[in-house]
2 protein chains.
Amino acid sequence: MIGFGHHEAQGAFRALADPTRRDILLLLSEDDMTIGEVVERFDITRAAVKKHLTILEEGALISVHASGRERINRLEPLGLKSVAEWLSYFNQFWDKRLQALRVAIEKEESEK
Amino acid sequence: MIGFGHHEAQGAFRALADPTRRDILLLLSEDDMTIGEVVERFDITRAAVKKHLTILEEGALISVHASGRERINRLEPLGLKSVAEWLSYFNQFWDKRLQALRVAIEKEESEK
DNA sequence: TTAATATGATGCCAAATGGTATCATGTCAA
DNA sequence: TTGACATGATACCATTTGGCATCATATTAA
């Protein structure tokens, strides 16, 4: 393994287990949104959306920024890195051909 | 998006949400194992391990092969691909530098 | 100041989860 | 054939989860 500290990915894995939360992440990848704006896109109550956002925040997949009486929810793509890194271990099993490429990426990473 | 049919990743995401199940996947990446062999590595009952293996199988992350009175559990790395693909959409957000490389990989995939 | 608006907090509920203990079944070997 | 062994199936339990309705709080704008 190269230089990755495994930043406790449990919160992220937990957050990703729910399809609504994954959809929220896709939404937020297009634009930062208030809770109200997120709610408009789903058929569930604001309380339910709020719970999802809390779990996403606990998993470090989004951040929340107060702005007056609104709270802006922003995607934190870095949070997904821990998941991607955990997963990358298995790349060698599903496609040997990509392994050389992966090594090249890790090498580039370590030279940052 | 290129040629990925989104192979219903929900089962895989659900399976990955539990840390014991992720550990089981790491175990099975080293070697195929019977339930009994898996149980030896954890401090939970065989019934609990069996439940985890069932969920992993439902998520297409492992396959089970009867062999006499034993049942061999085998890692199915392809099952992780749907997760990796879902995740890959976010690569552009956490590291623009990898995007060109990702495109190259997708191109190679589509030429299979 | 005061009403409207955006959000947070709480309590409740049904279903899913992760675990246990116990019992049933199937297969191997003496 | 029959006992030992590997596994599967069930019933039960406490906790978590995803949802709702309702109430409380804070900020904006008239």
Side-chain angles (χ1 to χ4, degrees), chain A residues 8-28 31-76 79 83 86, chain B residues 8-28 31-76 79 83 86:
Chain A
E8 201 37 70
Q10 173 55 28
F13 275 111
R14 173 203 180 208
L16 291 179
D18 184 88
T20 299
R21 285 194 288 269
R22 294 198 301 278
D23 286 342
I24 290 176
L25 288 182
L26 288 172
L27 249 186
L28 294 182
D31 219 338
D32 297 351
M33 287 189 190
T34 66
I35 292 191
E37 288 169 325
V38 175
V39 170
E40 287 172 9
R41 313 295 199 94
F42 295 92
D43 279 337
I44 56 179
T45 63
R46 200 182 54 239
V49 169
K50 166 65 177 166
K51 281 192 182 179
H52 284 310
L53 290 172
T54 297
I55 291 174
L56 286 168
E57 195 181 5
E58 286 172 356
L61 302 184
I62 68 169
S63 58
V64 187
H65 305 270
S67 167
R69 71 178 148 181
E70 296 184 337
R71 290 169 67 81
I72 310 298
N73 298 275
R74 176 183 309 159
L75 178 69
E76 285 296 336
V83 175
W86 187 91
Chain B
E8 199 38 68
Q10 173 55 28
F13 274 111
R14 173 203 180 207
L16 291 179
D18 184 89
T20 299
R21 285 195 288 270
R22 293 198 301 277
D23 286 342
I24 291 176
L25 288 182
L26 289 172
L27 249 186
L28 294 182
D31 219 338
D32 298 351
M33 287 189 190
T34 65
I35 292 192
E37 289 169 325
V38 174
V39 170
E40 288 172 9
R41 313 295 200 96
F42 295 92
D43 279 337
I44 54 179
T45 63
R46 201 181 54 241
V49 169
K50 167 63 177 167
K51 281 192 183 180
H52 285 310
L53 290 172
T54 298
I55 291 174
L56 286 168
E57 194 181 7
E58 287 171 356
L61 301 184
I62 69 170
S63 58
V64 187
H65 305 271
S67 166
R69 69 178 147 179
E70 296 184 336
R71 289 167 69 81
I72 310 298
N73 297 274
R74 176 183 308 158
L75 178 68
E76 285 297 335
V83 175
W86 187 91

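Order of the sequence lines fixes the chain letters, A, B, ..., with proteins taken first and strands second; residue numbering starts at 1 for each chain.
- Map B/Ala48 and A/Ala47 each onto its nearest nucleotide of DNA chain C; the residue landing nearer the 5' end is A/Ala47.
- In this structure, CD1 of A/Ile44 is placed 13 Å from C1' of D/dT17, rounded to the nearest angstrom.
- Checked by atom type and distance alone, the side chain of A/Gln10 pairs as donor or acceptor with a backbone atom of B/Ala17 at under 3.5 Å.
- Counting only distance, with no hydrogens or angles, the side chain of B/Arg71 and the backbone of B/Val64 share no donor-acceptor pair below 3.5 Å.
- Atom-to-atom, CZ of A/Arg46 to C1' of D/dA21 comes out at 11 Å; the value is rounded to the nearest Å.
- Residues A/Arg41 and A/Glu37 come closest through the heavy atom pair CG-O, 3.5 Å.
- Rounded to an integer number of Å, the gap from A/Leu56 CG to D/dT17 P is 13 Å.
- Side-chain contact of A/His65 with A/Ser63: a donor-acceptor pair under 3.5 Å is present, judged by distance alone.
- The CD-P distance, from A/Glu58 to D/dG18, rounds to 11 Å in whole Å.
- The CD-C1' distance, from A/Glu70 to D/dA26, rounds to 13 Å in whole Å.
- Taking atom CD of B/Gln10 as the reference point, atom C1' of D/dG18 lies 13 Å away to the nearest angstrom.
- Residue A/Thr20 places none of its side-chain N or O atoms closer than 4.0 Å to OP1 or OP2 of D/dG18.
- Contact footprint of chain A on DNA chain C: nucleotides with an atom under 4.0 Å from a non-hydrogen protein atom, first to last in 5' to 3' order, C/dA4 to C/dG8.
- Place A/Lys51 and A/Gly68 on DNA chain D by their nearest nucleotides, and A/Lys51 ends up nearer the 5' end.
- Contact check for A/Met33 versus A/Asn73: no side-chain heavy atoms found under the 4.5 Å cut-off.
- Heavy-atom minimum distance, A/Arg22 versus A/Leu16: NH1-O, 2.7 Å.
- Following rounding to the nearest Å, B/Ile72 (CD1) and D/dA6 (C1') show an atom-to-atom distance of 11 Å.
- Regarding B/His52, its NE2 atom lies at a distance of 15 Å from the P atom of D/dG8, rounded to whole Å.
- In terms of heavy-atom proximity, B/Leu28 sits nearest to B/Leu75 at O-CB, 3.9 Å.
- With DNA chain D read from its 5' end, the first of the two nearest nucleotides for A/Arg69 and A/Arg21 is the one closest to A/Arg21.
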